[in-house]
Amino acid sequence: MASSFHIIQFDSLPSTNHYLREHYHNLSPNTVVVARHQSAGRGRFDRQWVDDGGNSLLVSILLKEDEFNYPIPLVSLATALAVAKSLDQVVTTQIKWPNDVLIQGKKVAGILLEGVSSSKMDAIIVGIGLNINQRTFPLEIASKATSLTLETGRHYDKDMLLMRLLTSFSEEYHALKRGTFSLDEYKRRLVMLGQTINYEGQTALVVGISPLGALQIKMGEDFHEVTSGEVETIDLYHHHQ
Ligand code: BTN
């Protein structure tokens, strides 16, 4: 499955997502760009994604279809599930909606999706940053970030993890296109169901995930669906009955 990807490797790029955004027109679907280091790595909400040059996987996958025949927000969830499943042989992970992958509450992988559209959606760029062999993180993120090495004490082969990641992504993406993507499987790995979260300054209870991938929350007596915005988990390990 992973063999259907065309992988381009760089020592350094400003950002693998940015590279695909600039070149998507001339590149075939399933082109994968990997960089050892990014000088201007980007995260969600216009944040930076900083790397130490060599200890993480920095990868972007180009999706191109004549028609995107599935709900586009689900790509985000499918990617998170793919990343989580690709790590199953290494460590137990959880997902924080929509697409952070955590180990014991700390982030091990982040995903940044970008759509390129003209009159229709031309391409989707799936950017994944996976922390692998780091032993330390900058002070600002040290309490929130982790790596596979920090969690297990072992060193990992990045190429092997990339192959597992692409195989896993390919499976979830095909499921999405066939209409067989399992939201239940995603939900089983979600840390937030039944938990109290902070949403835009208010307390809310997470009650589910909609078929289109929105977070369903209850605030007071009202139900809402959250499609964007940042949600902050308050009691990560406390499950309501
Ligand atoms: C987030 O959690 O905020 C998303 C982080 C996404 C980082 C990856 S690294 C590869 C790709 N290129 C980028 O500039 N960003 C994504």
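First listed ligand is number 1; within each ligand, the first listed atom is number 1. Atoms considered below: every heavy atom in the structure, side chains included; atoms not considered: hydrogens, waters and symmetry mates.
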Trainee: Taking Thr16 as the fixed residue, which of Arg42, Arg21, Gln38 is the one that meets the side chain to side chain donor-acceptor pair (under 3.5 Å) rule?
Mentor: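 Filter result, single survivor: Gln38.
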Trainee: Are any of the N/O atoms on Lys107, whether in the backbone or the side chain, positioned under 3.5 angstrom from an N/O atom of ligand 1?
Mentor: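 Between Lys107 and ligand 1, an N or O pair is found under 3.5 Å apart.
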Trainee: Measure centre to centre between the rings of Phe10 and Tyr19, then say whether the value is under 6.0 Å.
Mentor: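 Ring centres of Tyr19 and Phe10 closer than 6.0 Å.
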Trainee: Relative to each other, are the rings of Tyr70 and Tyr173 parallel, tilted or perpendicular (30° and 60° limits)?
Mentor: perpendicular
Trainee: Please round to the nearest 0.5 Å and tell me the distance separating atom CG of Leu190 and atom CH2 of Trp97.
Mentor: 10.0 Å
Trainee: Would you say that Ile132 contacts Asn55 through its side chain, given a criterion of any heavy-atom pair below 4.5 Å between the two side chains?
Mentor: no
Trainee: Out of Gly43, Ala109, Gly127, Ser15, who is nearest to atom 14 (O) of ligand 1 when you count heavy atoms only?
Mentor: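 Of the listed residues, Ser15 has the closest heavy atom.
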Trainee: So do the side chains of Arg178 and Leu176 get within less than 4.5 Å of each other, counting heavy atoms only?
Mentor: no
Trainee: Is it the case that Asp51 and Ser56 place a side-chain donor and acceptor less than 3.5 Å from each other?
Mentor: no
Trainee: Any atoms of ligand 1 less than 4.0 Å from a non-hydrogen atom of Val59? List them with their elements.
Mentor: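 Checking each atom against Val59, I get 10 (C).
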Trainee: Heavy atom under 4.0 Å from ligand 1: found in Ala35's side chain, backbone, both, or neither?
Mentor: neither
Trainee: Should His18 be listed as contacting ligand 1, given a heavy-atom distance under 4.0 Å as the test?
Mentor: no
Trainee: Please write down residue, atom name and distance for the protein heavy atom closest to atom 10 (C) of ligand 1.
Mentor: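 Protein heavy atom at minimum distance: Thr16 OG1, 3.2 Å.
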Trainee: Can a donor-acceptor pair be found between the side chains of Thr203 and Tyr199 at a distance below 3.5 Å?
Mentor: no
Trainee: Of all the non-hydrogen atoms in the protein, which one sits nearest to atom 5 (C) of ligand 1, and at what distance?
Mentor: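 Result for atom 5 (C) of ligand 1: Trp49 CE3, 3.4 Å.
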Trainee: Counting each atom of ligand 1 from 1 as listed, which ones have a heavy atom of Ser60 under 4.0 Å away?
Mentor: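 This gives 11 (C) as the contact atoms.
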Trainee: Any idea which protein heavy atom is nearest atom 3 (O) of ligand 1, and the distance to it?
Mentor: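 For atom 3 (O) of ligand 1, the nearest protein heavy atom comes out as Arg44 N, 2.6 Å.
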Trainee: Relative to ligand 1, is Ile111 under 4.0 angstrom through side chain, backbone, both or neither, heavy atoms considered?
Mentor: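 Backbone only; the side chain of Ile111 stays clear of ligand 1.
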Trainee: Between Lys120 and Asp66, does any NZ, NE, NH1 or NH2 come within less than 4.0 Å of an OD or OE carboxylate oxygen?
Mentor: no
Trainee: Could you tell me, atom by atom, which parts of ligand 1 come under 4.0 Å of a heavy atom of Gly41?
Mentor: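 Result: 14 (O).
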Trainee: Report the nearest protein non-hydrogen atom to atom 15 (N) of ligand 1: residue, atom name, distance rounded to 0.1 Å.
Mentor: Arg42 O, 2.7 Å
Trainee: Heavy atom under 4.0 Å from ligand 1: found in Gln38's side chain, backbone, both, or neither?
Mentor: side chain
